[in-house]
Novice: 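Before anything else, here's the structure in question.
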Amino acid sequence: MQTNFLVIGSGISGLNFALQAAKKGKVTIVTKKKLIDSNTNFAQGGIAAVLDQTDNFEKHVEDTLKAGAFHNNKKAVEFMVKNSAAAIYRLIDLGVEFQKENGKLSLTKEGGHSHRRIAFVGDYTGKEIERILVKRVKEHPNITILEDAFALKLLTQKSFFGERTARARNKANNLALPVMSRSELYNKTCIGAQIIRGNKIENILADQTILSTGGVGQLFLQTTNPSIATGDGTAMASQIGCKIKDIEFIQFHPTALNKNTFPKFLISETVRGEGAKLVNEKGENFMKNTHPLKDLAPRDIVAREIYQQQKTGQVFLDIRHKSREYLKKRFPQIYEKLKKLKIDMAKDLIPVTPAAHYECGGIEVDLNGQTNVKNLFAFGEVTCTGVHGANRLASNSLLEALVFSNQVAKNLTPNQKIKQTEFDAPKILRKNSKETLLAEKLKQEIKNIMWEYAGIIRNLKRIKKEAIPKMEHIAKELKKMNGTNQEIAETSNMAITSILILKAAYKRKKSIGCHFVE
Ligand code: SIN
């Protein structure tokens, strides 16, 4: 199969890109479950943007830098914030109906924001955006959707371009000068991906391949992320020499519901944005004296404080001062979910706990989504554009995904120069093979190891002496298997990405943002 643009992953960024790129050429979307199964679908809060006259560009930039512990790439932050309002209006044009009051967009607040600047749709913003994008993508004649198709590896060819050719190409494609050196950028070309579909291996050749595979939450025992978030993009990209940056910065959302749900059900930060307080078993609002922003301090700070409080008892959210009518209308999804679990948020305290939520770093890309491998681009959670620094500001994730996928779509053009090439295909193993059963067991071990060693508080000595050797052993077990399938490949991706996280965490000796060293 051959296509102009191969998009791997079907979250907000992949679908948003596909819609725009389809005006220029043929787009193929590969997604390992159904089109709708993405992290986006789980995003409750909203999208941060400068949309109010009393807000300004500088304040949003400043809040993003502060939350990121000033580890951010300021240029990338400015670029994202400048393009924030346009990204929201594009969604409105596509049919997303953000909440309004008196004809104006309603704006809510989350941790780390100095202003109400988050556009939202109830407490199911991501779901609504995904619904509209899926509808539009399905209608488009130039977009082919391959569901239940698992990207096994990226296909590459060697190419040796000199400095001059590299510059000329950059100019022709209107690319800004990449952050990597010319020789690094142009010694490999991505020409598509090998996928497993219906127990068969297929090669999809593409002029340009785009990774929008999302995050890594499933590497951890407790996560708010759906089962698809297994670090596939990072693992595949690292295997062909892509640079990975800031991957140790895993954000733990402070308020996942403390009940046995899989994944952990999120109690959106907008609940605190609308006045909920965090209390301990004694009923004390412990954030009051911890940070000037109190319950709405940046996530890393709140998550650590809850973690400390949990040493002596449970932690709860208290929003009982709001009326039932208000809660039902403003947080319909949360209200219903809690009701099913016999928690009445108008009367009861809501038990909460931190859970792995977001990967702040990832595949290093420039402002045009270019990785250090030619014809391989990436956007969304799988990347490190530098906008999040050491800890992401709430509701900047959908924003980043939109702004950078718009940018990649604007710059890419089909080049149709790929020649048919032969590639080795691995043997596909049965779902009930002993190798698959072992992979399932190893998956659980990976989650336990990452939760214990790469969680909210990290001990570098133990990461080096215990976690890295354990994870390397798991990766070896998986590598020596005599064939593959989705379960095995996914587990292998989890092990590879975990090793990258653990090694990066070990290298960073000082605490910063969501990397907190004991
Ligand atoms: C939330 O609603 O708390 C999550 C939003 C985000 O991760 O930015």
Side-chain angles (χ1 to χ4, degrees), residues 11-13 38-49 60 63-64 67-68 80-81 84 87-88 98-99 106-113 116-130 214-217 220 222-226 229 249-258 263-276 278 287 293 295-303 306 317 319 327 330-335 337-338 345 350 352-360 380-381 387-389 391-403 513-514:
I12 188 173
S13 57
S38 71
N39 248 351
T40 302
N41 223 12
F42 284 64
Q44 295 180 358
I47 307 181
H60 190 174
D63 292 347
T64 304
M80 179 181 75
V81 173
S84 62
I88 302 257
F98 288 99
Q99 201 137 316
S106 303
L107 300 173
T108 187
K109 207 173 178 190
E110 286 186 74
H113 287 276
R116 287 181 86 90
R117 65 165 72 93
I118 296 158
F120 62 95
V121 186
D123 58 356
Y124 50 91
T125 311
K127 199 179 254 169
E128 184 56 12
I129 297 171
E130 186 83 8
V216 305
F220 295 82
Q222 307 296 354
T223 180
T224 59
N225 293 183
F249 298 117
I250 306 290
Q251 181 175 78
F252 294 85
H253 196 292
T255 60
L257 180 66
N258 198 4
K264 282 256 173 260
F265 183 74
L266 188 67
I267 307 294
S268 173
E269 201 159 289
T270 54
V271 176
R272 272 175 286 139
E274 301 301 342
L278 282 160
M287 285 309 298
L293 291 174
D295 295 89
L296 285 176
R299 279 188 191 160
D300 56 331
I301 293 160
V302 183
I306 294 178
L317 268 176
I319 187 149
L327 293 171
R330 177 63 185 86
F331 302 110
Q333 187 180 202
I334 297 174
Y335 185 90
K337 178 75 182 181
L338 291 176
M345 68 190 289
I350 309 165
V352 290
T353 190
H357 183 63
Y358 192 84
E359 169 58 87
C360 302
E381 189 173 348
V387 294
H388 306 308
N391 173 48
R392 173 175 66 84
L393 181 68
S395 285
N396 267 352
S397 54
L398 296 183
L399 177 62
E400 183 202 31
L402 284 170
V403 167
C514 43

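Values in this document were obtained by computation on a predicted structure and should not be read as measured data. Start at 1 and go down the list; that is how both ligands and their atoms are numbered. Reckoned from all heavy atoms, side chains included, excluding hydrogens, waters and symmetry mates.
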Novice: Tell me, which residues have any heavy atom less than 4.0 Å from some atom of ligand 1?
Specialist: Q44, G45, E110, H253, L266, S268, E269, R299, H357, R392, A394, S395

Novice: In chain order, what residues pass the side chain to side chain donor-acceptor pair (under 3.5 Å) check against Q222, with sequence neighbours excluded?
Specialist: none

Novice: Charged N to carboxylate O under 4.0 angstrom, R299 versus E269?
Specialist: yes

Novice: Hey, are E130 and K127 close enough for a salt bridge, meaning a charged N less than 4.0 Å from a carboxylate O?
Specialist: no

Novice: Would you please indicate if the ring centroids of F252 and Y358 are separated by under 6.0 Å?
Specialist: no

Novice: State the CZ-CG distance between F98 and L107, to the nearest 0.5 angstrom.
Specialist: 10.5 Å

Novice: Nearest 0.5 angstrom please: N225 CG to E359 CD, how far?
Specialist: 10.5 Å

